[in-house]
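In each ligand, atom 1 is the first atom listed, and ligand 1 is the first ligand listed.
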Amino acid sequence: MTNTTKNNAFRRTQLNRRKFLTACAAGLMIPQLSALAGSVEKTDDGFFILKAKKSETKFFGDNGPTTQVWSYNNTNPGPIIKVKQGEKVKVRLVNELDQATSIHWHGIRIDNKMDGVSGLTQDAVKPGESFDYEFTAPDAGTYWYHTHNRSWEQLARGLYGLLIVEEPDKSDVREINLVIDDWRLDNAGKIDEKSMGEMHDWAHGGRLGNVLTLNGKQKPKIKLNAGERVRLRIVNVANSRIMELKLADHDPWIIAKDGHPITPRKLKKDDLILGPAQRIDLMLDATHKPGTQSPIHFVDQQQKYEIASFEYSQDQTVAPITSPPKALAITMPHANFKPLTAKIVPLVMIGGAMGSMEKAIVGGKTLDWKQLVKAKRVWAFNGIAGDLDKPLVKVNRGETVQIDITNDTAFPHAMHLHGTHFKVVARNNMSFNNGEWRDTELVYPNEKVSFAFLADNPGKWLFHCHMIEHQAGGMVTWIDVV
Ligand code: C2O
Ligand code: CU
């Protein structure tokens, strides 16, 4: 993909640069991620406790180096929170870090007070303090939760986990979760702290790592039984890396993107390009022979890197299923969606290395490029570099909104809207309809992309680039629904 190539051409670290890290870990079994109920304390008042704390983990197996991460409940990824659609989610965040933090429930149509954006919907939770999150999850799907305070540091250190909302009529197909992260480690296998917050990353493609993990392990093996159909829930939790994946020569069905159902169809190549925060749900038929192995690849500049493998058990179980999987039910109220009457909101992105930004507004003052670099605000939306004192736009509840984005930078951006899913209705001045609703979408250099959504939930909804260093560097605004 040329677009992915563009993203990665600016990398300063090569994924395969530190050979020893890739050498020491062939063949870990994929850790069974347990459901929340199994691994987390529940209080008398029904809250699951998520303790944000420092802990140690082994990315490279028991004999490999130990890496200190920040975690929820001592695991990377954090515990899976699993609820039924329509159920209450009750989580008590206990902050045992020495930095303030908060949790955002990415992709959920949520009560704005519970959205977890420090500085906009709540104050960050101070060290030693706690915060109760309580909300209903109205739509089934694959979501995730993550820190939303100093995310450029806290996400890079590991503060995230899966949030699975199950369909009421959930089938009994086996599920495999793949949480993919991109870490920048030093030669001792520790998180490279010296480069944390580095200006070069912020002005380029963000903090890109040199080690990829799946469910907190390097190169795990994923068990399959010949003939079975499994549901894969894949999440890209990296700070900034776009992940293009290849699932050997399996030919899965796609059933959802960003948690939102898609009429089942066979996977196309570009479906597996996941920007930061994007998710994909697949139904994969295990069509290979018993006892065989096949790799899962990460693809970068036409180069393939094995990041995991499917390992088939010895026995043939059942004949492969060939019929398409059942479509998942759509519960988001799209029926009210009237793109023709949309309120149009232009948003021009500028900044970054090789960009054309000469000045932008920070704290009400116009700064020139040199001053912006000093202030670490090197990206801007409509000339404003990350100020949250005013919204991008104020709209009335019930209005349809269309944001016309122009990417006038040399980098792709993974634009994420809080609190609802949107539809891409135009690309490069041509109307567009691929039937997908997303909460995060890639906008490539020189592209014009229009997002439309129904503003039916009052509150302050953040809209930002999910390449976290870009967000920190100014690519953030919000929409006021009143
Ligand atoms: Cu997944 Cu504002 O974040
Ligand atoms: Cu960006």
Establish, yes or no, whether a centroid distance under 6.0 Å links the rings of His416 and His106. yes
Using the benzene-type ring in the case of Trp, are the ring centres of Tyr72 and Tyr145 under 6.0 Å apart? yes
So that I know where these two stand, are Tyr133 and Phe131 an aromatic pair - ring centroids less than 6.0 Å apart? yes
Given a cut-off of 2.8 Å, the protein N, O or S atoms lying below it from atom 1 (Cu) of ligand 1 are His106 ND1, His146 NE2, His466 NE2
Restricting His413 to its N/O/S atoms, the closest one to the Cu ion (ligand 2) is ND1
Do the numbers put Lys376 on top of the ring of Trp202, so that NZ or CZ is under 6.0 Å from the six-membered ring centre and no more than 45° off the axis? yes
Can you give the angle Cys465 SG - the Cu ion (ligand 2) - His470 ND1, rounded to 10°? 130°
Are His334 and His421 an aromatic pair, judged by ring center distance below 6.0 Å? no
Centroid-centroid distance, Trp478 to His418, less than 6.0 Å: no
Ring centre gap for Phe422 and Phe451 strictly below 6.0 Å: yes
